[in-house]
Amino acid sequence: MSFVFKKQVLGLLDLIRFKKLVPNRRERFKNGSDSPLPKTYKVNEAAKIIHPGFRKAVLTEIRDETADTKTFFFRTDKPFVFKAGQYATLGCKVGDSEVSRPYAIVGTASDALDGKLGFTVKKTGFFSGYLFDEAKVGDEFTVGDPSGEFYYEPVKDAGKVVAIAGGSGIAPFYTLACAIADGTEKLDLTILYGARTSADFALKKELDALAAIGKIKVVYVTSDEKKAGFEHGFIGRDLITKYADGDFTVMMCGPDAMYAFLDKELAALNIPLRRIKKEPNCVGTRDVAEKEYKLTVHIGFDTYEVPAKSTETLLVAMERAGLKVPSKCRAGGCGFCHSRLVSGEYSIAGADKRRLADLKFGYIHPCCSYPDSDMELVVPKAK
Amino acid sequence: MRKYDAVVIGAGNGGLVAAIRLLQGGAKVLLVEKHNLPGGFATSFRRGRFEFEASLHELNDFGTADNAGDVRVLFDELGVTDKIDWMEIPEAYRVICTAEGLDATMPFGVEAYIDKMESYVPGSRESVTKFFDLAEEVRLAQAYSSSVNGKTDSKVMMKEYGNFVRAGSYSVNEVLDVLKMPQKARDILGAYWCYLGANLSDMSFVHYASMVNRYMKRGASMPKMRSHEISLALVDRILELGGDVLMNTEAVKILTDESDGGVAGVVLDDGTEIETRHVVANCAPHVVYGRMMDNVPEDVVKATNTRKFAGRGFTMFLGLDKTADELGIENHNYFIYDTSDTAKQYALMRTIRDNSAQATVCLNRAYPECSPEGTCMMYFTTLYMADDWGRLKPSDYFRAKDYVANKMIDRFEKDTGAKIRGSIEEISVATPVTYARYCGHPEGVIYGYESQYWDGLMPRLLMMGEDYKVRGLRFAGGYSMRLSGYSSAYFSGDISGRQTVGDIKKEG
């Protein structure tokens, strides 16, 4: 050492000070408050409202929308907040299976602070069929956190949004329109709403009422019927440019076929990716020869052997067997079902949305993975 | 009842390393983590075509195979270094304080750093050289202390590490006064303060010097697949060594033995009771003593109440649809301050309205391939030094997020000349509320207990023995004896893991 460090003229005093580090801290501790340590904290309490987690929800009302669409309203006992456009999972036990599906939240910010929310559901499959045919007011369900990134992001999105809805894909935009009407969100919204016939538009009365206050425009587009007051055909570049110009953000919610068509249309309009949002759909069945594999599942300290069909995702196989496993987006993106692969071959539906290191160390998302052999997985328990 | 030699609560950086150390010591180990991913803040997430790093700006003290830092040595011993693809960070940092006309870009390497400082602040060489001499002595003294498990011989300390002892009780500012370092050099040298989160009048010199020295001596590294790669590599190693790992599993209670008040078991969130006499808790003592244990001794309650929470985190992540070159983002790592007076800056960081300091990274400047061609990604971090985010009305939460995000973007553009706002493809924002929910830390704290001079690195290390109050219960992670930050958390897991192996062996 080229120099001698001294703070005090006598280095000895520095030494004494150093020696006091321990007694000083000891003294501080001794003089600390003996009041009980807090059980919780302000920010953590705020987190319980912003991320309320899975909670009980009671079905309070079922409203018919169209021949194949209904809105189901629920009451929970916790206030929450959400961004218009986000989804939440709705689940319950159906027969021997644990089932849940993500649906866009229908409701307003003030409904949410009262613990209320709704889901507009089209009858298409197993769970929606259950909701239509068997669920009744008073039944208990579970709802999850407001989730997903399908919402208006004022920091980056254009001041104008062109929303393209196919069928029950109107739900997030209806909620967004409500948020504009009550001042929660500030943007100009043009909704291009496609359905087969004029009888197939859910929430039309509500949307027309919202459109009357300005900032919101709704264009109804029928594919199978020509009728005055309705645009006719499929929603593509012509309708988009007819109703929007300048800088706008496109938000799409509808079936995959609609996305495939619109991807090309938007590319032709040179709309950059940063101006496009797409709400992913649940992964469905795959079109392959049906085979049955053996799926070994480790959850906690337990091990289960369940059948897994080649046509269905690993998540569905586990749910059919009544296993309680995590599920949220059911589209491969949120990572909630992140599980460790011990062995076996699998295929992923659509784009691989895993983290890079997940591939490297062998983790998969069962909600978007189909078995191609017998498999063994370590799956976190559902919370 | 299931029985383990040790249960590690929390798979954060400290818990993961502790579990490996326990397994290497022959213990039967259960690791439980309440989240569905390991790593705590050491993780990543996908948005669109981007995979964002959740927290790691740069891992210090890693170095290269032929200039290995302590973290690399530890990872070698754990058997994980080669499971991870590493890359090196090109330069140390750029610090900007527009109000004071300060804009300096500093390199790694002690010599290079001193030279660059001299070019910015002629006449600074002597004092900055002395700073690094002292810092090196700090490093050596700490290495000696670790080698004897904290039971240092005061004669050896005095003889070999006299400057360390004489400087060891002072704050950074007090020592820099003695070194007569020119103010501008102090401002540039002090830029890292927000990585430790106490102002330089409160922060112990030893802690700060130790960190700066580690950065300059060994440079900094990153795993190519974000910190998630490290976390999964550590889990991989735990599994190889036969450890049991349960994700989505929260330890809700630590059971104690009536005879000595020590650890007797752990209760999991589904009611499962695990028999064990040893716990390494990778979480806040406030949570463990406040919620997870009955009959906590009064002296522990008093000590815990005394401690001060460090910064609450806020991070904005941006995926941009142009390259860093196109946008004018020149550097990897920026510190942007309102003032170089760290006590004043600290005070400004108490409120959502006044805080506009940021530590910002453009990962592509270190690793161009981290995002798709033609794009780049950035993350902007700040700390809140009080609980403004807990005082917000829930209905104002999203507006507050947007307000801070906009402020960060404006500030970055104004102070660096880069233009990013029109190119944002993906954005994600994590607030103290997010951190509180994600890891369960009180108030969304991401830095553990603050590095106050009285509760800084030295006193914590010196009191490691007497801070062990409950038989069988040791801590790892940012709240423990090495304080916060990636490397510190890894070291804490190393220490508590090895100490617990010793505890188990003593019991026979």
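A, B, ... follow the sequence lines: proteins, then strands. Residue 1 opens every chain. In what follows, every heavy atom counts, from backbone to side chain, and hydrogens, waters and symmetry copies are set aside.
Only the side chain of A:Arg340 comes within less than 4.5 Å of a heavy atom of chain B; its backbone N, CA, C and O stay farther away. In this structure, chain B has a heavy atom under 4.5 Å from the side chain of A:Lys360, while its backbone stays farther away. For B:Glu174, the parts lying under 4.5 angstrom from a heavy atom of chain A are both the backbone and the side chain. Only the side chain of B:Leu179 comes within less than 4.5 Å of a heavy atom in chain A; its backbone stays farther off. The part of B:Val178 that comes within reach of chain A is its side chain, from C-beta onward, which places non-hydrogen atoms under 4.5 angstrom from that chain. Proximity to chain B (any heavy atom under 4.5 Å) is shown, for A:Leu273, by both the backbone and the side chain. Only the side chain of B:Val235 comes within contact range of chain A, with at least one heavy atom under 4.5 Å from a heavy atom of that chain. Heavy atoms of A:Lys83 lying under 4.5 Å from chain B belong to its backbone as well as its side chain. There is no contact between B:Ile230 and chain A, counting heavy-atom distances below 4.5 Å. Heavy atoms of B:Asp402 lying under 4.5 Å from chain A belong to its backbone as well as its side chain. Of the two parts of A:Asp358, the backbone and the side chain both hold a non-hydrogen atom closer than 4.5 Å to a non-hydrogen atom of chain B. Interface residue A:Thr184: only backbone heavy atoms are found under 4.5 Å from chain B. For A:Tyr151, no part sits under 4.5 Å from any heavy atom of chain B, backbone or side chain. Heavy atoms of A:Pro326 lying under 4.5 Å from chain B belong exclusively to its side chain. When heavy atoms are compared at a cutoff of 4.5 Å, B:Phe309 approaches chain A solely by way of its side chain, counted from C-beta outward. Residue contact with chain B, scored on non-hydrogen atoms closer than 4.5 Å, involves the backbone and the side chain of A:Asp34 alike. Proximity to chain A (any heavy atom under 4.5 Å) is shown, for B:Lys401, by neither the backbone nor the side chain. Interface residue A:Glu149: only side-chain heavy atoms are found under 4.5 Å from chain B.
Of the charged side-chain nitrogens involved, at least one lies within less than 4.0 Å of a carboxylate oxygen, so that A:Arg25 and B:Asp467 count as a salt-bridged pair. A salt bridge links A:Asp145 and B:Arg437; the closest N-O separation between the charged side-chain nitrogens and carboxylate oxygens is under 4.0 Å. Taking a cutoff of 4.0 Å between a charged side-chain nitrogen and a carboxylate oxygen, B:Arg46 and A:Asp352 do not qualify as a salt bridge.
Using a distance-only test at 3.5 Å, with no hydrogens or angles considered, a donor-acceptor pair links the side chain of B:Asn163 to the main chain of A:Phe3. Not one N or O on the side chain of B:Glu443 forms a donor-acceptor pair closer than 3.5 Å with the backbone of A:Asn44.
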Checklist entry - Stepwise, does the side-chain contact (heavy atoms from CB on, under 4.5 Å) test hold for A:Leu37 with B:Asn305? => result CA-CA 7 Å; A:Leu37 290 162; B:Asn305 270 326; 3.3 Å; yes
Item to check | Pair B:Glu466-A:Arg26, salt bridge (Lys or Arg N to Asp or Glu O under 4.0 Å): steps then yes or no | outcome: CA-CA 9 Å; B:Glu466 73 180 80; A:Arg26 218 178 260 154; 2.7 Å; yes
Next on the checklist: Before you tell me yes or no, could you show the steps for A:Arg274 and B:Ile424 under side-chain contact (heavy atoms from CB on, under 4.5 Å), namely the whole-Å CA-CA distance, both residues' side-chain angles and the distance that decides it to 0.1 Å?
Outcome noted: CA-CA 6 Å; A:Arg274 76 185 140 82; B:Ile424 304 170; 5.8 Å; no
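The residue among A:Ser339, A:Gly333, A:Pro154 with the most heavy atom pairs within less than 4.5 Å of chain B is A:Pro154. For chain B, the option among A:Thr40, A:Ile299, A:Val43, A:Leu12 with the highest count of heavy-atom pairs below 4.5 Å is A:Val43. Contact count versus chain A (heavy atoms, under 4.5 Å) is highest, among B:Arg399, B:Arg226, B:Arg307, for B:Arg307. Heavy-atom pairs under 4.5 Å with chain A were tallied for B:Arg291, B:Glu229, B:Met247, B:His228; the largest tally goes to B:His228. Chain B forms more heavy-atom pairs under 4.5 Å with one residue of A:Lys20, A:Lys42, A:Lys30, A:His298 than with any other, namely A:Lys42.
For the pair B:Arg2 and A:Phe301, the cation-pi test (distance below 6.0 Å, angle within 45°) is passed. In this structure, B:Lys130 fails the cation-pi test against A:Phe5, since its NZ or CZ atom is not both closer than 6.0 Å to the six-membered ring centre and inside 45 degrees of the ring normal. Judged by the 6.0 Å and 45° rule, B:Lys302 forms no cation-pi pair with A:Phe29.
With a 6.0 Å radius and a threshold of 12 heavy atoms from other residues, nucleotides or ligands, B:Glu126 has its CD atom at or below the threshold.
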